[in-house]
Number of protein chains: 2
Amino acid sequence: MKKLFHKAQQKRVYQDVVNQIQEAILDGEIEAGSKLPAERSLCEMFQTSRGTLREALRILEQKSLIEIRLGTNGGAYVRDVNGELMAENLAMLIHSKAVSLAHLAEFREGVEATVGGLAAQRATSVDCEELHGLLARAERFRDGGLEQWDSFVRVDEQIHTAIARIAGNPLYSFILKSVHDNIHRYYDKFLFVGSQELEENYQDLAAIITAICDHDSAAAASLSKGHVHRFAVYMKEKLR
Amino acid sequence: MKKLFHKAQQKRVYQDVVNQIQEAILDGEIEAGSKLPAERSLCEMFQTSRGTLREALRILEQKSLIEIRLGTNGGAYVRDVNGELMAENLAMLIHSKAVSLAHLAEFREGVEATVGGLAAQRATSVDCEELHGLLARAERFRDGGLEQWDSFVRVDEQIHTAIARIAGNPLYSFILKSVHDNIHRYYDKFLFVGSQELEENYQDLAAIITAICDHDSAAAASLSKGHVHRFAVYMKEKLR
DNA sequence: TGACACTAATGGTTTAACCATTATAATGTT
DNA sequence: AACATTATAATGGTTAAACCATTAGTGTCA
């Protein structure tokens, strides 16, 4: 932090403050993890009152650009740019019933199919080693039976996350994370499957990973879609 | 508005206020378009100070749940639930260079392909009439030459929006709107094409609409993907 | 009838004080 | 020396009261 920030202007002063700080963060002038000056210092820099400045900080916090901590060493810490707003928006759409579980599941089918196909085109040998490593962990948890269902689900999600990363387009990663987060937020309580479904799930993952490592894009897309579709059908049955 | 809202509690008072109002909006207890009480009245309801209450309103405004107007008849008006947060998040990801133009274009390819395929499965005769009506308008603007390029682009976007609606999944509509908004926000200035590209664009749209109305899902998906891909190539050339 | 000014409701901003939380330093105890 | 306890100070959270700025509606006047 050097000589940045000029006196706040415009009609709504807090908006000007938001704009200045947001630009500085998005342009990389302030590192993620670093701390903004204390509220009372920022007030002097922007020549504004504390109330107005705090309204600006509330907005930046809601945008998930900063995180505000209490106590000594508290203050506004700059966060990494992330996709939390998407997840939050999705949560609101679901809460308000503008988007249903069926919509969410169908959307996920389409996206995971596309992502699976791209991953098959772009997977390197290193990527495939990682996928097979994750698959081996999933196999161990599968053999552990229903007691390790939670662990299996976690690995399942790690595999999907890894495939999205391998697809090479961060937008897919952000959006799939939003979808996964919301599935967990709203529907976790309904999810419980038997050992048969667990086995089927594992076989799905194994087939998808094989297709990706064979660079068989069409198969990877089709298998991914089927895998997600089966999952969606389970959810629907549980919710009925 | 009846007897809702109890005294604000918890560590961060403004967060409790946000939660109460947000729930009321998302649960439909407060209609979109209606006005919340004035700040000073809300302060009494929540038994909080005006500064704290205003921090809560700032958050709700940033979530695009309310819109605050000035002057007489001003105040916090409840908005329809929408996908603006997604668009804003996407804008920040692009601004911070976490997502590039190429990523955005590739993502759009995948989504528009999926949407085109779904629309072909679900289009009714009424939908097809609407699409052909839009196509006729596009044809008129095409014949108007480059002078009506702006109008042509608007109809083009209307067609894509209509196809997303016909696909029957609002999530696709929200996300495609976010993508379109950001393409316009960041790349409009680079976009200018000649009459040949305009003609090609029109032929693309005509072919897509034909496929949709023939319920030829695979063709609609493939043509949509090609259409978007061609657009993406143009953008890349302009940016070079 | 139209232009202008007044009025009142409402959000925007400022100031100054005090409360709550927490990392660190100072102190005491074993 | 090691550990538990307490005090300190930095920082965000909250309150109160006053005043400024914007704007729809109303009233006045030419």
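First the proteins, then the strands, lettered A, B, ... as listed; each starts at 1. Everything numeric in this text was worked out from a predicted model, so none of it was measured. No hydrogens, no waters, no symmetry mates; every other heavy atom, side chains included, goes into these values.
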Please list, pair by pair, any protein nitrogen or oxygen found under 3.5 Å from a nitrogen or oxygen in nucleotides 15-20 of chain D.
{"unit_1": "D/dT15", "atom_1": "OP2", "unit_2": "B/Thr48", "atom_2": "OG1", "d": "2.8"}
{"unit_1": "D/dT15", "atom_1": "OP2", "unit_2": "B/Ser49", "atom_2": "N", "d": "3.1"}
{"unit_1": "D/dT15", "atom_1": "OP2", "unit_2": "B/Ser49", "atom_2": "OG", "d": "3.3"}
{"unit_1": "D/dT15", "atom_1": "OP2", "unit_2": "B/Thr52", "atom_2": "OG1", "d": "3.2"}

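OP1 or OP2 of C/dT24 has at least one side-chain nitrogen or oxygen of A/Asn73 nearer than 4.0 Å.
The separation between B/Gln15 atom CD and D/dG12 atom P is 18 Å, rounded to whole Å. If you measure from atom CD of B/Glu55 to atom C1' of C/dG11, you get 16 Å, rounded to the nearest angstrom. Going from atom CZ of B/Arg54 over to atom P of C/dT10 covers 14 Å, rounded to whole Å. Summarising the geometry, the separation between NZ on B/Lys11 and P on D/dT14 is reported as 12 Å, rounded to the nearest angstrom. We find that CD of A/Glu44 is positioned 12 Å from P of C/dT15, with the value rounded to whole Å. Between the OH atom of A/Tyr77 and the P atom of C/dT22 there is a distance of 13 Å, rounded to whole Å. In this structure, B/Asp16 places its CG atom 14 Å from C1' of D/dT14, rounding to the nearest Å. What separates CZ of B/Arg58 from P of D/dT14 is a distance of 16 Å, to the nearest Å.
For A/Glu39, the side chain to side chain donor-acceptor pair (under 3.5 Å) partners two or more places apart in sequence, or in a different chain, are A/Arg50, A/Arg54. Under the ring pair (Phe, Tyr, Trp, His ring centres under 6.0 Å) criterion, B/Tyr172 pairs with A/Phe107, not counting sequence neighbours.
Listed by first and then second residue, the salt bridge (Lys or Arg N to Asp or Glu O under 4.0 Å) pairs involving residues 95-105 of chain A amount to none (not counting sequence neighbours).
The closest side-chain heavy-atom distance from A/Leu85 to B/Met86 is not below 4.5 Å.
Side-chain contact of A/Gln15 with A/Asn19: a donor-acceptor pair under 3.5 Å is present, judged by distance alone.
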Exercise answer: donor-acceptor pairs, residues 161-169 of chain A side-chain atoms, under 3.5 Å, sequence neighbours excluded:
{"unit_1": "A/Thr161", "atom_1": "OG1", "unit_2": "A/Glu157", "atom_2": "O", "d": "2.9"}
{"unit_1": "A/Arg165", "atom_1": "NH2", "unit_2": "A/Glu130", "atom_2": "OE1", "d": "2.5"}
{"unit_1": "A/Arg165", "atom_1": "NH2", "unit_2": "A/Glu130", "atom_2": "OE2", "d": "3.0"}
{"unit_1": "A/Asn169", "atom_1": "OD1", "unit_2": "A/Leu171", "atom_2": "N", "d": "3.0"}
{"unit_1": "A/Asn169", "atom_1": "ND2", "unit_2": "B/His103", "atom_2": "O", "d": "2.9"}
{"unit_1": "A/Asn169", "atom_1": "ND2", "unit_2": "B/Glu106", "atom_2": "OE1", "d": "3.1"}

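A salt bridge does not link A/Glu55 to A/Arg58: none of the charged side-chain nitrogens sits closer than 4.0 Å to a carboxylate oxygen. Using a 4.0 Å cut-off between charged nitrogen and carboxylate oxygen, B/Glu84 and B/Arg79 count as a salt-bridge pair.
For NZ of B/Lys177, the number of neighbouring non-hydrogen atoms (other residues, nucleotides, ligands) closer than 6.0 Å is 12 at most.
A heavy atom lying under 4.0 Å from DNA chain C marks the following residues of residues 60-71 of chain B, by number: B/Ile68, B/Arg69, B/Leu70, B/Gly71.
When the nucleotides D/dT23, D/dT14, D/dT11 are ranked by their closest atom to the side chain of B/Thr72, D/dT23 comes out on top.
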